[in-house]
Protein chains: 2
Amino acid sequence: MTLTDLRYLVALARERHFGHAAERCNVSQPTLSVAIKKLEDELAVTLFERSAADVKITDIGARIVAQAEKVLLEAGQIKELATAGRDPLSGPLKLGVIYTIGPYLLPHLIPRVHAAAPSMPLLIQENYTARLAESLKRGDLDVIVVALPFEEPGIVTQAVYDEPFRVLMPAGHAWEKDEAISAKRLAEAPLLLLGAGNCFRDQVLEVCPLCRSGEGLQRTLEGSSLETIRHMVATGAGITVLPSSAADPLPDGNPLLTVRPFEAPEPFRRIALAWRVTYPRSGAIDVIRSAILGSPLPGVRPVTR
Amino acid sequence: MTLTDLRYLVALARERHFGHAAERCNVSQPTLSVAIKKLEDELAVTLFERSAADVKITDIGARIVAQAEKVLLEAGQIKELATAGRDPLSGPLKLGVIYTIGPYLLPHLIPRVHAAAPSMPLLIQENYTARLAESLKRGDLDVIVVALPFEEPGIVTQAVYDEPFRVLMPAGHAWEKDEAISAKRLAEAPLLLLGAGNCFRDQVLEVCPLCRSGEGLQRTLEGSSLETIRHMVATGAGITVLPSSAADPLPDGNPLLTVRPFEAPEPFRRIALAWRVTYPRSGAIDVIRSAILGSPLPGVRPVTR
DNA sequence: AGGAACGATAGTGATTAACTATACAACGCG
DNA sequence: CGCGTTGTATAGTTAATCACTATCGTTCCT
């Protein structure tokens, strides 16, 4: 029993004439004739009474035809689903973002994605890189925004932008007089750091070897966020390092804080998109990338690769 | 897209492993692999993300699988319908009976059929032979009970029983003294006849050539029934001819009426079943025939052909 | 009886679906 | 870093199926 057979069946039920039904199906009369006979043999029931005068459908035949119509209808729905789902910009996209990007990127990203792909709602999760990677591999997420380096089997990445680091200090801090800060001086001040698991914490420690070896005055704030740390800096609890997208927007707005760049070579992080190699909706990823690059993230330099 | 393809599809969705899914479908892994690929090409969507680690279904794939399950479910219903409809003794049987048989046969027939085929309800219509024949050919009836001769293209008949005619007269009638009545004497008395269209009327006239040529005293009672005529005979309005099944049951019960057989050669009618040559439920017809022969119709002789 | 209409059957060719064998890719382990 | 393992894709072959043309057999009507 094939779907074609069922199509022949309902055509014959409608036309009540093998020749006409065959024509309507664009096949020859013997083809339809044989198919119906095959169906009858397979089901072991007589579906039609054939006579020279006309073709009559049996009771059981009528019931089976009605069911066949239902099957064909449902089968047609499959094609419709496929057509509807063919657009990579249709259907929800599960996006993951690390904590140190989300609050600064998402407010810009979301309206841009919505404008570019109105029928692609975003399901967003913020988390640590490791958690995002896990979800991505499991299929709970489709695309994630993370900082490089990021290497996972089965996952491809595409760098999107570089983002320089800034030093954030309380207004009136001794370093305020300097135009740029040297990285090694970070060990000289009480440096406030995110908790373990935040990749940004490691990247900051990378910048300052003395800090990494634990020789500085740094303090780790577990369960904290960049925003919390900023507030703490404002109260004079210490200094910190922020990515430019988090640091640059506010000096105008907050008189309690001062932002300074690093001396060259300016430390930075490289932000990338990552997805499963097998993920088929590359169009959706392009939209995300464009929306990120279209977002006004201060200090950020697009990576054109 | 075939039903087989859909079966492969849902198997793969369940197993998330080409090899296992193939095994479950009793095909080789390449077979299933190719089939899925073909489906994806045809629908122009990616249904699964394949990777070494595991097989993930896409969003659109999951929706299509759900729909495919629906299709397969409905398709399975076809087989169930066929199985249920395979028994010729299941499902209603549309039975037609001529007016001059129905009242005498049906009370016996119905319980017998119900006993022999409990799941075959009878949809019964009484009518003239011509109307029954028309309905039978149209398919509005499946089997009819008529008197022979009955010849129609596409219709086969099977004689069931012969039924002798009787003369019915009021008690105290002059012929009451005779053991048997000669056919030609029917022209001598006021013979009450059914209206045109009743085959029995013609058969009675056939018995008595003088009556047929209109030389007797017969009166036609349009729109009447044998029962009505019998009441009229009881009032002395005339005599009539009845088939034995209508005449014989009652002499004991009705002191106003006398029944006499004809002299040899006894006139009779032959009752037959008729159905379309193409009608597939021959088992149902057998049941009807047996039920008729099992009915206590007085004077009736089975036709064993 | 002859012919027209119609479905069934026979025979053939092309497509498709299945198999086995093998290639290829990704990952994990020593 | 290479090698084995696991898992899917591809190649090539064979068998089954499908659809065609041609023709037959019935039935019914004139």
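This one's a predicted model, so the numbers in the text were calculated from it and none came from an experiment. The sequence lines fix the lettering, A, B, ..., with proteins before strands; numbering per chain opens at 1. Side chains are part of it too, since the values below use all heavy atoms of this structure and drop only hydrogens, waters and symmetry mates.
- For Glu49(B) and dG7(D), the CD to C1' distance is 16 Å, given to the nearest whole Å.
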Scan the side chains in residues 79-97 of chain B for donor-acceptor partners under 3.5 Å anywhere in the protein, sequence neighbours excluded, and list what turns up.
residue, atom, partner, partner atom, Å
Thr83(B), OG1, Lys79(B), O, 2.8
Arg86(B), NE, Leu43(A), O, 3.2
Arg86(B), NH2, Leu43(A), O, 2.8
Asp87(B), OD1, Leu89(B), N, 2.8
Ser90(B), OG, Ala84(B), O, 3.4
Lys94(B), NZ, Gly139(B), O, 3.3

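- Residues passing the salt bridge (Lys or Arg N to Asp or Glu O under 4.0 Å) test with Asp5(B), sequence neighbours excluded: Lys38(B).
- A side-chain donor from one of Thr100(A) and Arg269(A) sits under 3.5 Å from a side-chain acceptor of the other.
- With sequence neighbours excluded, the residues satisfying salt bridge (Lys or Arg N to Asp or Glu O under 4.0 Å) with Asp140(B) are Arg138(B).
- Rounded to an integer number of Å, the gap from Asp54(B) CG to dT8(D) C1' is 13 Å.
- Applying the ring-ring contact (aromatic ring centres under 6.0 Å, His included) criterion to Tyr128(B), with sequence neighbours excluded, gives Tyr99(B).
- Legend: residues meeting side-chain hydrogen bond (donor to acceptor under 3.5 Å, both in side chains) with Lys137(B), ordered by chain and number and at least two apart, are Glu152(B).
- The footprint of chain B on DNA chain C, defined by a heavy-atom cutoff below 4.0 Å, extends from dA17(C) to dA26(C).
- A residue-by-residue look at His20(B) and Lys37(B) shows that His20(B) has its nearest nucleotide of DNA chain D further toward the 5' end.
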- Query: With the sugar-phosphate defined as primed atoms, P, OP1 and OP2, and the base as all remaining atoms, what B/S/- string results for nucleotides 17-30 of chain D, 5' to 3', for protein heavy atoms under 4.0 Å?
  - Reply: -SSBBB-----S--
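- Legend: residues meeting side-chain hydrogen bond (donor to acceptor under 3.5 Å, both in side chains) with Glu126(B), ordered by chain and number and at least two apart, are absent.
- For residues 44-56 of chain A, the set of pairs meeting the side chain to side chain donor-acceptor pair (under 3.5 Å) definition, not counting sequence neighbours, comprises Glu40(A)-Arg50(A), Glu49(A)-Arg276(B), Glu49(A)-Thr278(B), Asp54(A)-Lys56(A).
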